[in-house]
Amino acid sequence: CSRDTDDSAALDAIEAGGNDVEAALATVTTDTLKAHLDYLASDARKGRMTGTAAYDEAAAYVADQFASLGLEPAGEDGWQERWCVVHDAL
C-alpha cells in the first residue's frame with residue numbers, strides 16, 4: 001500500500017456538489033478502505049504503541065490523509081497534540 005492513496009474522486013464529488021455528502025460517500029470503496037487499513041495494520045507499524053516511531057508513522061499517515069481531503073488541523077501544534085504518557089511494566 002502506498003501512502004499516496006488517490007482520494008481525488010471524493011474531493012471532486014464534494015467540490016462538484018457543494019457539500020454533497022452522498023456523492024462523496026459514493027466514492028468510498030472497499031479497495032480504498034482496505035488500502036488504508038492494510039497500511040495502518042501492517043506488521044511494519046509494529047502495533048503502533050504510543051511513543052514509538054511506528055506510532056508516529058501511523059499518525060503522519062492519518063494527518064496526510066486528512067490534509068489531502070482539504071481538512072485543516074484544529075490543534076495548537078498542527079494535527080498532533082502532545083501529552084504525557086506514563087508507562088509502567090511489571
Side-chain angles (χ1 to χ4, degrees):
C1 175
S2 168
R3 288 184 62 179
D4 299 323
T5 303
D6 183 11
D7 290 322
S8 60
L11 293 174
D12 292 343
I14 291 169
E15 289 172 3
N19 192 13
D20 189 353
V21 175
E22 287 183 25
L25 287 175
T27 67
V28 177
T29 67
T30 301
D31 290 341
T32 59
L33 292 175
K34 185 175 181 329
H36 293 304
L37 182 61
D38 286 348
Y39 179 84
L40 292 169
S42 166
D43 288 344
R45 282 341 116 234
K46 302 177 184 172
R48 303 169 311 281
M49 185 171 179
T50 302
T52 65
Y55 176 89
D56 291 338
E57 286 177 23
Y61 177 85
V62 172
D64 289 347
Q65 296 304 312
F66 286 170
S68 75
L69 293 171
L71 301 175
E72 295 181 10
E76 294 177 12
D77 188 23
W79 290 103
Q80 298 183 20
E81 292 191 28
R82 302 290 175 200
W83 46 282
C84 290
V85 175
V86 177
H87 178 79
D88 290 326
L90 295 176

Task: Rounded distance (nearest 0.5 Å) linking atom CG of L33 with atom CG of D38 - done: 10.5 Å

- [ ] Look at the side-chain heavy atoms of Ile, Leu, Val, Met, Phe, Trp and Tyr, link any pair under 4.5 Å apart, and say whether Y61 and L71 land in one connected group.
- [x] yes

Open item on the list: Once side chain to side chain donor-acceptor pair (under 3.5 Å) is applied, do any residues pair with S42, and if so which ones, sequence neighbours excluded?
Closed with: none

- [ ] Can you sort out the partners of F66 under ring pair (Phe, Tyr, Trp, His ring centres under 6.0 Å), two or more places apart, ordered by chain and number?
- [x] W79

- [ ] Measure the spacing between CD of E57 and OH of Y39 and express it to the nearest 0.5 Å.
- [x] 5.0 Å

- [ ] For the residue pair K46 and Y55, establish whether any side-chain heavy-atom pair is separated by less than 4.5 Å.
- [x] no

Task: Atom of A44, atom of A54 and distance for their closest heavy-atom approach - done: O-CB, 4.2 Å

